[in-house]
Protein chains: 2
Amino acid sequence: MFSKACEYGIRAVIYIVSVSSSGKKAGIKDICKHIKAPEPFTAKILQNLSRLGIVKSTKGPHGGFYVEEGAHDIRLIDIVTAIDGDKLFTGCGLGVDVCSEKKPCPIHNEFKSIRESLRIMLEKTSIQHIAKDLDKGLVFLKT
Amino acid sequence: MFSKACEYGIRAVIYIVSVSSSGKKAGIKDICKHIKAPEPFTAKILQNLSRLGIVKSTKGPHGGFYVEEGAHDIRLIDIVTAIDGDKLFTGCGLGVDVCSEKKPCPIHNEFKSIRESLRIMLEKTSIQHIAKDLDKGLVFLKT
DNA sequence: TGAATAGAAGATAAAAAAGTCCTGTAAGTT
DNA sequence: AACTTACAGGACTTTTTTATCTTCTATTCA
């Protein structure tokens, strides 16, 4: 469904938000240990998200990645579109290049409803909310 | 969502079923022209589907791919699982390796419902039915 | 100011997916 | 039987994705 990069990105941001809630920053090593992801690859992904302003970062001792207290909620869809783009919500399910309402591919309508519910789910899901569940031990990012 | 191989595979089988309904066979060249797909690559995919018995094939003049008249319906899910496997329905949305009901990943339940509707849709959709829509000009496989 | 820390950036490498090519083999045609 | 057609199968190439390595720059703290 999502690319590896996107999976790592989502997991990393969840962890960063969780750490940020106690006013701390998360270093790349620490992040990758907690989400079980390859370090240099995840660093690249976070550099990207940092450049886009989805997370913040500072260098130097006690530096790392963080989100500002009181910043507006990060939605799952923000991360997904930042990393994987919007082809999951806009592209044709069968890869037919002219697929549209007027010239639908054979599964156009069936797919549309599923993609729509996916999009709505990703728009509704807040990373801040997930991070709270993580802190409560209700959900898990690794073994 | 699906791999390119899967997209070509689905489109090819739809076309094959459509041609088969008039008792004819579809050659690989003819198929690829009608579904706008790369020929050798699509040939590989159909070899696979042929080996699995999802479509039939014969060599020689007037040979090609076909499905037998009166054969049971080919469901979309048969093709998808044959080519892409079942990771789309079983794997964790965030790639968390221990994701389960007891140790759910942060979007486990949200994802489950979407994957479930996807699975149901793919199970309900019959290629024979789609092929009829194609014949009627209701849906399209290329420009 | 200088040493240590930690992210940024660019080049590079490995693996997987997508796509091609060539030779073989089966089936129909004459 | 010889010839032609068209799928089968294996080797190979290209592209994309995933992952790593090295150097550079900014920040903190003594």
Side-chain angles (χ1 to χ4, degrees), chain A residues 1-13 15-16 19-20 24-33 35-67 80 82-85 87-88 91 94-95, chain B residues 1-13 15-16 19-20 24-33 35-67 80 82-85 87-88 91 94-95:
Chain A
M1 186 86 84
F2 301 139
S3 68
K4 279 280 163 200
C6 195
E7 291 179 0
Y8 297 147
I10 295 169
R11 276 150 61 189
V13 176
Y15 180 72
I16 291 167
V19 169
S20 291
K24 284 179 292 190
K25 286 172 192 127
I28 185 67
K29 266 190 171 171
D30 177 46
I31 294 170
C32 291
K33 203 163 62 188
I35 69 171
K36 223 181 185 180
E39 214 177 292
F41 189 45
T42 309
K44 284 278 167 238
I45 298 160
L46 287 176
Q47 276 171 35
N48 235 315
L49 296 179
S50 175
R51 230 178 290 121
L52 293 167
I54 293 176
V55 296
K56 304 264 173 194
S57 72
T58 56
K59 294 179 177 180
H62 306 116
F65 296 91
Y66 64 99
V67 292
V80 172
I83 299 173
D84 280 353
K87 58 183 184 302
L88 199 56
L94 293 186
Chain B
M1 188 85 84
F2 301 140
S3 68
K4 279 281 163 199
C6 195
E7 291 179 0
Y8 297 147
I10 296 169
R11 276 151 59 189
V13 176
Y15 180 72
I16 291 167
V19 169
S20 291
K24 285 178 291 189
K25 286 172 192 125
I28 186 67
K29 266 188 170 172
D30 177 46
I31 293 170
C32 291
K33 203 163 61 187
I35 70 171
K36 222 180 184 180
E39 213 177 293
F41 189 43
T42 308
K44 285 275 165 242
I45 297 159
L46 287 177
Q47 275 170 37
N48 235 316
L49 295 179
S50 175
R51 232 179 289 123
L52 292 167
I54 293 176
V55 296
K56 305 262 173 196
S57 70
T58 55
K59 296 179 176 178
H62 306 116
F65 296 91
Y66 63 102
V67 293
V80 172
I83 299 173
D84 281 352
K87 58 183 185 300
L88 199 55
L94 293 187

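Per chain, numbering begins at 1; letters A, B, ... match sequence-line order.
- Taking each heavy atom of I31(A) and A12(A) in turn, the nearest pair found is CG2-CB, 3.9 Å.
- The separation between I16(B) atom CD1 and dA6(D) atom C1' is 14 Å, rounded to whole Å.
- The nearest whole Å value for the distance from the NZ atom in K29(B) to the P atom in dC7(D) is 10 Å.
- No donor-acceptor contact under 3.5 Å links the side chain of K4(A) to the base of dT17(D).
- Among the protein residues, P38(B) comes within range of the sugar-phosphate backbone only, with heavy atoms under 4.0 Å from sugar or phosphate atoms but none that close to a base.
- Between G60(B) and F65(B), the one whose closest nucleotide on DNA chain D sits nearer the 5' end is G60(B).
- Using a 4.0 Å heavy-atom criterion, one finds that I28(A) contacts the sugar-phosphate atoms exclusively.
- Checking the phosphate oxygens (OP1, OP2) of dC7(D), no side-chain nitrogen or oxygen of S50(B) falls inside 4.0 Å.
- When all heavy atoms of F2(B) and D84(B) are compared, the pair lying nearest together is CA-OD2, 3.6 Å.
- The minimum heavy-atom distance between P38(B) and C32(B), with the atom names listed, is O-SG, 4.0 Å.
- With dA4(C), dT25(C), dA18(C) as the choices, the nucleotide that has an atom nearest any side-chain atom of K59(B) turns out to be dT25(C).
- Among dT28(D), dT29(C), dC7(D), the nucleotide with an atom closest to any side-chain atom of H62(A) is dT28(D).
- Within the 4.0 Å cut-off from OP1 or OP2 of dA18(C), not a single side-chain nitrogen or oxygen of Y8(B) is found.
- Between K25(B) atom NZ and dA27(C) atom P there is a gap of 11 Å when expressed in whole angstrom units.
- The distance between atom CD1 of I83(A) and atom C1' of dT17(D), rounded to the nearest whole Å, is 14 Å.
- The residue among P61(A) and Q47(A) whose nearest nucleotide of DNA chain C lies closer to the 5′ end is P61(A).
- With dA8(C), dA8(D), dA18(C) as the choices, the nucleotide that has an atom nearest any side-chain atom of S57(B) turns out to be dA8(D).
- Closest of all the heavy-atom pairs between L94(B) and R11(A) is O-NH1, 3.0 Å.
- When rounded to the nearest whole Å, the span between NZ of K24(B) and P of dA6(D) equals 15 Å.
- Scanning atom types as modelled, one donor and one acceptor separated by under 3.5 angstrom connect the side chain of K44(B) and the base of dG9(D).
- Distances shown here put every side-chain N or O of R51(B) at or beyond 4.0 Å from the OP1 or OP2 atom of dC7(D).
- The side chain of T58(A) contributes no N or O atom lying less than 4.0 Å from OP1 or OP2 of dG7(C).
- The 12-atom threshold is not exceeded at NZ of K56(A), counting heavy atoms of other residues, nucleotides or ligands nearer than 6.0 Å.
- Contact record, I16(B) with F65(B): CD1-CB, 3.6 Å, taken as the closest heavy-atom pair.
- dA8(C) atom P lies 12 Å from atom CG of L52(A), rounded to whole Å.
- As a whole-Å value, the separation of K87(B) NZ from dA17(C) C1' is 11 Å.
- Between the CZ atom of F41(A) and the C1' atom of dG10(C) there is a distance of 16 Å, given to the nearest Å.
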